[in-house]
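One is the number of the first residue; the rest follow in order along the sequence.
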Amino acid sequence: MSTFTVVTKAPIPATLPPQAVISALHAYRPLIESNPHLVSYERRSVGVEEVVQDPFFREDGAHLQAFTCYQRITIIPGVGSWATKDVSVPCVFQSLPQGVRCRADAGSGVMVWSAYEVRPRGEVNGSDHDPPPAPGDGDFELVEIAIVECSAFVRPFVRRSLSTSHQEILEVLVQRVAKGYGRESSTPSPAPGNGGGYGKETVVPRQSYSSHGQAPGTAQSGNYAGHGTDAQRFNNQPHGQEAPVATNPPGPNYI
């Protein structure tokens, strides 16, 4: 298996408080719905075995939630729908003060461990897309540091696809938060993991998509090694429980 790192960044406008972006990340659904490949998604329970053996999930994190995202991936661009593949991607999210962590099992041996954080501009280097600051950009940016594990054979395709789609995810998320902040800046921030009024997920029949099962319990997470905790201590933490679903989640509408 091949392991590599992809760094993706999007500037945060000077008029948008960094905390507004962090609040959107903590809602999880704004991040999910910004994916250009997304068809639909659904909430699912968090399996203890999914998190206790993976040091990627941190002891000081909170609000574990899990989703299955149904995506349509383009295999050969520009030739029509026959060159696409429908996949189901089990994901687990965890909130941290600067953002969120997400582990996604993309199937076919592809695992992605992503940290989405609001960081001071220029603090993180190595991005595939790192243009100079533009007029209106602030002092902060939304950064994703993704550790990807896959076979060496599909590595070029996976890297190219992830870099392109995740760049769009970050840019769309920041744009939508900025739009929502301008409209509802006086509304309290959403509670972490509650959806932030961004809209409810659409449940689709599982049998209409390729199922790749659950993510393995143990992961070698590259640069994130050392940030986790042992299974027993993690299992005793209150944040190891599933956060409740809000029927009418509070907070601004990020659309």
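- Taking hydrophobic clusters as Ile, Leu, Val, Met, Phe, Trp and Tyr residues chained together by side-chain heavy-atom distances below 4.5 Å, Phe153 shares a cluster with Val158.
- Atom-to-atom distance recorded for Cys69:SG and Ile32:CD1 is 4.5 Å, nearest 0.5 angstrom.
- Pairing each heavy atom of Arg44 with each of Pro90, the nearest pair is NH2-CB, 3.5 Å.
- When side chains are defined from C-beta on, Phe57 counts as touching Arg103, because their heavy atoms get closer than 4.5 Å.
- Atom-to-atom distance recorded for Thr5:OG1 and Ile147:CD1 is 3.0 Å, nearest 0.5 angstrom.
- Residues Lys85 and Arg72 have side chains not in contact (no heavy-atom distance under 4.5 Å, counting atoms from C-beta outward).
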For side chain to side chain contact (heavy atoms under 4.5 Å, CB included), just list the numbers for Cys102 and Trp113, CA-CA rounded to whole Å, side-chain angles, deciding distance to a tenth of an Å, and then say yes or no. CA-CA 6 Å; Cys102 173; Trp113 294 266; over 6 Å; no

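- Distance check, rounded to the nearest 0.5 Å: NE2 of His26 to NE2 of His63 gives 8.5 Å.
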Could you walk me through whether Ile145 and Tyr116 pass the side chain to side chain contact (heavy atoms under 4.5 Å, CB included) check? CA-CA 7 Å; Ile145 303 175; Tyr116 297 89; over 6 Å; no

Starting from the C-alpha separation in whole Å, work towards a yes-or-no answer on side chain to side chain contact (heavy atoms under 4.5 Å, CB included) for Arg121 and Phe140. CA-CA 5 Å; Arg121 191 180 66 210; Phe140 292 87; over 6 Å; no

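- Side-chain contact between Phe67 and Arg29: present, with at least one pair of heavy atoms (C-beta onward) separated by less than 4.5 Å.
- At least one side-chain heavy atom of Val177 sits less than 4.5 Å from a side-chain heavy atom of Leu16.
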Applying side chain to side chain donor-acceptor pair (under 3.5 Å) to Gln71 and Tyr41, what does each step give before you reach the verdict? CA-CA 9 Å; Gln71 301 181 14; Tyr41 66 102; over 6 Å; no

Go through it in stages, so that I can follow the logic: the residues are His37 and Ser161, the test is side chain to side chain contact (heavy atoms under 4.5 Å, CB included), and I'd like the CA-CA distance, side-chain angles, deciding distance and then a yes or no. CA-CA 10 Å; His37 298 305; Ser161 176; 4.3 Å; yes

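- Scanning for side chain to side chain contact (heavy atoms under 4.5 Å, CB included) contacts around Leu96 gives Arg58, Asp60, Arg101, with sequence neighbours left out.
- There is a path of hydrophobic side-chain contacts, each under 4.5 Å, that joins Val154 to Val89.
- Residues Cys91 and Phe93 share a closest heavy-atom pair of CB-CE1, 3.8 Å.
- Annotation for Ala134 and Asp137: closest pair N-OD2, 2.8 Å, computed over non-hydrogen atoms.
- With values rounded to the nearest 0.5 angstrom, Leu162 atom CG is found 10.5 Å from Phe157 atom CZ.
- Here OG of Ser88 is found 9.0 Å from CD of Glu42. Values are rounded to the nearest 0.5 Å.
- Cluster membership check: Met111 does not share its hydrophobic cluster with Met1, using side-chain heavy-atom separations under 4.5 Å among Ile, Leu, Val, Met, Phe, Trp and Tyr.
- Contact of the Ser45 side chain with the Gln65 side chain is not registered, since no non-hydrogen atoms from C-beta on lie closer than 4.5 Å.
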Which side-chain N or O atoms in residues 166-173 pair as donor and acceptor under 3.5 Å with protein atoms at least two apart or in another chain?
unit_1 : atom_1 : unit_2 : atom_2 : d
His166 : ND1    : Glu144 : OE1    : 2.8
His166 : ND1    : Glu144 : OE2    : 2.8
Gln167 : NE2    : Lys9   : O      : 2.9
Gln167 : NE2    : Glu171 : OE2    : 2.9

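- Of all heavy-atom pairs between Val112 and Ser114, the closest is CG1-OG, 3.4 Å.
- Of all heavy-atom pairs spanning Tyr28 and Gln94, the tightest one is OH-C, 3.5 Å.
- In this structure, the side chain of Ser163 does not engage the main chain of Arg159 through any donor-acceptor pair within 3.5 Å.
- Proximity of a side-chain donor or acceptor of Ser2 to a complementary backbone N or O of Ser151 within less than 3.5 Å is not detected.
- Of the inter-residue distances, the one linking Ile12 atom CD1 with Glu141 atom CD reads 8.0 Å to the nearest 0.5 angstrom.
- Nearest heavy atoms, Cys150 versus Arg155: SG-CA, 3.8 Å.
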